[in-house]
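The figures here come from the full heavy-atom set of this structure, side chains too, leaving out hydrogens, waters and symmetry mates. Counting starts at 1 for both ligands and their atoms, in listed order.
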Amino acid sequence: MGVEAYHYSCVIMFYLFLITFIVPHAKGEHFIVGDSYGWIDIFDFNNWCDGKEFHVGDVLVFKYESSLHNVLQVDSTVYENCIKDSYIQRFTSGNDSIILEEGGAWFMCGVDDHCENGQKLHINVTP
Ligand SMILES: *[C@@H]1O[C@H](CO)[C@@H](O)[C@H](O)[C@H]1NC(C)=O
Ligand SMILES: [Cu+2]
C-alpha cells in the first residue's frame, strides 16, 4: 500500500469513528412522550417515565392533535397547581421537539381540565 493510499484509509477511519461514536451522542436520544398514544389526557405519564433516563441534549417529542391539546413548559409550583396562564414556554404545533437541559423539567397541557386529569409530565435531566 502506497503512502497516499495509507493516508486516505486513515481519513476514512477517522470519519467512521466520528459517525459511530460522536454523532449519535451529539444528536441525543429522542423520546416520543406517551409513545404511540402521544400526548393525551387519559394516560399515566408518571408510569411512562418509569425506568427512563433523560440526559442533557436528549429530545422530548410531544405529538398530539393541535386543536385538542397544547404543551406548556412550567415550573414545579405551576405544575402542582395546574395553572394555565403562567408558563415559561408554550408549544402548539402538535409535533413539538424540546431539547432537554439539566435539572427538573415540568410540562402540562393548558386546555380545559386536562392537567387536573393527569396530562402532565415531570422529568429530571442528568448531565
Ligand atoms: C415532527 O417533527 C420532526 C422534527 O422536527 C420531523 O422530523 C417530523 O417529520 C415531524 N412529523 C410530522 C408528522 O410532522
Ligand atoms: Cu390536553
| query | So do V33 and F107 actually touch side chain to side chain, heavy atoms under 4.5 Å? | reply | no
| Would the SG atoms of C82 and C115 measure under 2.5 Å apart? | yes
| List by chain and number: which residues place a heavy atom under 4.0 Å from ligand 1? | K63, N95
| query | Hey, do the aromatic rings of F54 and F31 have their centres closer than 6.0 Å? | reply | yes
| remark: Here the pair of heavy atoms bringing H122 nearest to C49 is O-SG, 4.0 Å
| Is there a side-chain contact between V78 and L72 (heavy atoms, below 4.5 Å)? | no
| message | Closer than 3.5 angstrom, by distance alone: can the side chain of N70 be matched with the main-chain N or O of T92 as a donor-acceptor pair? | response | no
| note | If you count every protein N, O or S atom closer than 2.8 Å to the Cu ion (ligand 2), you should arrive at 4
| remark: In short, W39 meets M108 closest at the heavy-atom pair CZ2-C, 3.6 Å
| request: Could you tell me whether a side-chain N or O of K120 sits under 3.5 Å from a main-chain N or O of H114, the two making a donor and an acceptor? | output: no
| query | Testing N95, D96, D41 for side chain to side chain donor-acceptor pair (under 3.5 Å) with Y64, which one passes? | reply | D96
